Amino acid sequence: MNIQNIISQMTLEEKASLCSGLGFWETKAVERLGVPSIMMTDGPHGLRKQSGDTDHLGIAQSVPSTCFPPAVLSACSFDRELLREMGEALGDECVAEDVRILLGPGTNIKRSPLCGRNFEYFSEDPYLSGEMTTAHIKGVQSKGIGTSLKHYAANNQETRRFSSDSRVDERTLHEIFFPAFKKAVQEAQPATVMCSYNRLNGEYASENHLLLTEILRGQWGFEGIVVSDWGAVNDRVKALAAGLELEMPSTSDYNDNKIIAAVKSGQLEEAVLDLAVERLLNLLERVKGNGERTAFDKDKHNVLARKIAAESMVLLKNDGLLPLKKDAKIAFIGEFAEKPRYQGAGSSQVNPITMISALDGAAEYAKVTYCKGYSIHDCEEANPALEAEAVAAAKAADICVLFAGLPPAYESEGFDREHMRLPGGHVRLIEAVAAANPKLVVILYNGAPVEMPWAGKAGAILEAYLGGQAGGGAVADILFGASNPCGKLAESFPKKLSDNPSYLFFGGEGDAAEYREGIFVGYRYYDTKEMDVLFPFGHGLSYTAFTYSKMTLSAPAIDDTEMLTVTVDVTNTGKTAGKEIVQLYIGPMQQDERLIRAQKELRGFEKVFLQPGETKTVSFVLDKSAFSYYNTKIKDFHVLSGAYRVIAARSSRDIALETEVNVSSTVQIPFFVDVNTPFRDILRLPGGPEFVKGLAAQAPMFAQGENEPGSLGFMFEKMMQDMNMRSLLMMGKPGATLEGFQAMLDAQFNQ
Ligand code: BGC
């Protein structure tokens, strides 16, 4: 395709026509010039290719495809290679169906457990989200298929999804809500980025020039096209000028005509439209494939889906009940055992090729009894008859495996959850069964954290989340010890909803959703606040045990332009082979009054497989980004010089080893000293201590001799730190002026 040549032959109408969809899922063709139409479909964990009725809510049927575990579960694998494999498999399915763009992955940060779409997102942590997202995109795109990184940006609630205004400060955006998008763009170049429905700081994402052009293309180097979320365009002309090339789905020429009129009236330069068309044509080239629709191996994908699920599920608690003994009398209780909840509701809902329940999976290993316990679609209240049956089954069994969780009506795209509880009927059932038989294992099927006031009554808890089509098999693999659990939580489980840092503000006031917790999202809040949680970020048990030893650093001190290598030895000290996820956190040794920051942040992780008795050395290479924060003055990341903790941990709360490194910044933040600058800031400048001392010497009360802690001199010295030159006027000598003070400061510091 000679793109420039094609553009030069296009009419204004043809160019505008390319800027929106043909129908729900296709772009428009310009047949006379050989411009093809391509198809895109959801995404992200399977294909939702609709061949009949179309919708963006997962209502109409789609062709069968492998339903891999949604992001809420796959993120817990902390396994880049596995995510990449999943992406490759998804890419193969796209090739087979002639789908050229897969609408995913979604990488919004889990700000609150209440967001109805959390199941589609990876984590509360930007580093983990970025790693998983990048691997997913690389996998899909390695097959010549495009992805759509979504929903850009600050799309963290479903309430008022078409009108809400996420009000987020600049630093928080760059440290928490942008990094996963940035990393994916820089390391994987998704073919498209999907803008979100919401406004960001007053302006719709779809027409936000700062987001779509200055940051995405200007700062991060994005080379693909921006597509609107379905129906996210508010003002088409403004959106095009802001950098939104493709509006989806079709608006039956309504918005195309606006573009034409704007060009004709001179409101929009035709060059803007030409650039959009050039990018769209480039996209078509990039994802066109070789015209072949090669079939994929369904069984192989099903095996992969089961492996991903088994390597992601998180064993939250185990008082020795698991793995199950195959010859024990085992009772499975709860309708989810038979009819699993395996994916979230809404646009990501795929039509699975096959389905295995945990009950089917268990049959591969042992004989178990089953009773329903509750009815999935009517379980807010306990069902006395089903409960009585469950209690009887529990009494007759050696051990009970109870399946609880969130039915679809409790969480979905399109609305947020109202609370963090399980259905009342599930809680009642857990309590009744635990009273009948204390050997109780609880399996959870849910897309986001739930409160567990009953946790003390269960001997083991497996967080199976939403497992995809093979999730039931994975549960059985873990229960019977064929798989050693090796997932860890990609999000914190607070004890109760009101502990969550966004609790007071989540959902917003009218359309205004203020992110007042700032950078303190997830464990950044709980850990800094030293608050007890139910299960911390990064937590997950295994059937074996790991010890950490010999932490080394490549240097005790570095400049921020240098790399730091950290190594740590991990040994499997148990009797079973298993995988450990080693987490590396960095935090300041001491809080510094110049910068409010989290106690520690995840800056690396590695998953290692170890045979019993085996030791491996895990290494991490850290650059400046591991130590930096976003500085709004220089509009860039910056390192505050000082000592940092380097922490190797099993979870954000289970620190195995820790050491310290000194990092020096090579970037000076411009600092202008004026008469209002407190002396505490002046004291940090070269020559500052001498300057302040000189002033103090002129005021007898500040010169009390030794200034030992507790002395009057000490008190005055502390007071002086928060005074400034202007405050000296009141006790100044006759003739002292602000102008004179400023001249003194300029001469000393502002050269
Ligand atoms: C969702 C997107 C999805 C699109 C197409 C929208 O409602 O927010 O995630 O890709 O529909 O189904």
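Computed from heavy atoms alone, side chains included, the values below leave out hydrogens, waters and symmetry copies. Both ligands and their constituent atoms are indexed starting at 1 by order of listing. Values in this document were obtained by computation on a predicted structure and should not be read as measured data. We're numbering straight along the sequence, starting at 1.
Heavy-atom contacts of M194 reach the following atoms of ligand 1: 10 (O) (cutoff under 4.0 Å). Every atom of ligand 1 is numbered from 1 in the order shown, and the set under 4.0 Å from a heavy atom of E413 is 1 (C), 6 (C), 7 (O), 8 (O). Here is the list of ligand 1 atoms found below 4.0 Å of a heavy atom in R48: 12 (O). For ligand 1 and K150, the ligand atoms under 4.0 Å from any heavy atom of the residue are 2 (C), 3 (C), 9 (O), 10 (O).
The closest protein non-hydrogen atom to atom 6 (C) of ligand 1 is D229 OD1, 3.0 Å. Of the protein's non-hydrogen atoms, D42 OD1, 3.2 Å is the one closest to atom 3 (C) of ligand 1. Looking from atom 7 (O) of ligand 1 to the surrounding protein, the closest heavy atom is Y197 OH, 2.9 Å. Nearest protein heavy-atom neighbour of atom 11 (O) of ligand 1: H56 CB, 3.4 Å.
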### Task
Let me see the working for K258 and D256 under salt bridge (Lys or Arg N to Asp or Glu O under 4.0 Å), right down to the final yes or no.
CA-CA 5 Å; K258 294 211 163 180; D256 297 353; over 6 Å; no
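Salt bridge absent: R524 and E175 never bring a charged side-chain N and a carboxylate O closer than 4.0 Å. At a threshold of 4.0 Å, the pair R84-E88 counts as salt-bridged, since one of the basic side-chain nitrogens sits closer than that to a carboxylate oxygen.
The residue F24 has no part lying near ligand 1, judged by heavy-atom distances below 4.0 Å. Residue contacts with ligand 1 for R161 involve side-chain atoms from C-beta outward but no N, CA, C or O (heavy atoms, distance under 4.0 Å). At a heavy-atom cutoff of 4.0 Å, ligand 1 is contacted by no atom of Q50, backbone or side chain.
Residue contact annotation: R117 has a non-hydrogen atom under 4.0 Å from ligand 1. Not close to ligand 1: F162, with no non-hydrogen atom less than 4.0 angstrom away.
In this structure, the side chains of N500 and R111 stay at 4.5 Å or more apart for every pair of heavy atoms.
Checking each of R160, R167, R161 against D511 for a salt bridge (Lys or Arg N to Asp or Glu O under 4.0 Å) leaves exactly one that passes, namely R160. Here the options are F520, F506, F177, the test is ring-ring contact (aromatic ring centres under 6.0 Å, His included), and the partner is Y515; only F177 passes.
Relative orientation of the H174 and Y630 rings is parallel, given thresholds of 30° and 60° on the angle between their planes. The aromatic rings of Y197 and F162 lie tilted to each other, with the angle between the two planes from 30° to 60°.
An N or O contact shorter than 3.5 Å is missing between W25 and ligand 1 by distance. The shortest N/O to N/O separation between W230 and ligand 1 does not fall below 3.5 Å. For a threshold of 3.5 Å applied to N or O pairs, the pair formed by E120 and ligand 1 contains no separation below that value.
The distance from the CE atom of M39 to the CG atom of D98 is 9.0 Å, given to the nearest 0.5 Å.
Checked against the 6.0 Å centroid threshold, Y523 and F537 count as a close aromatic pair.
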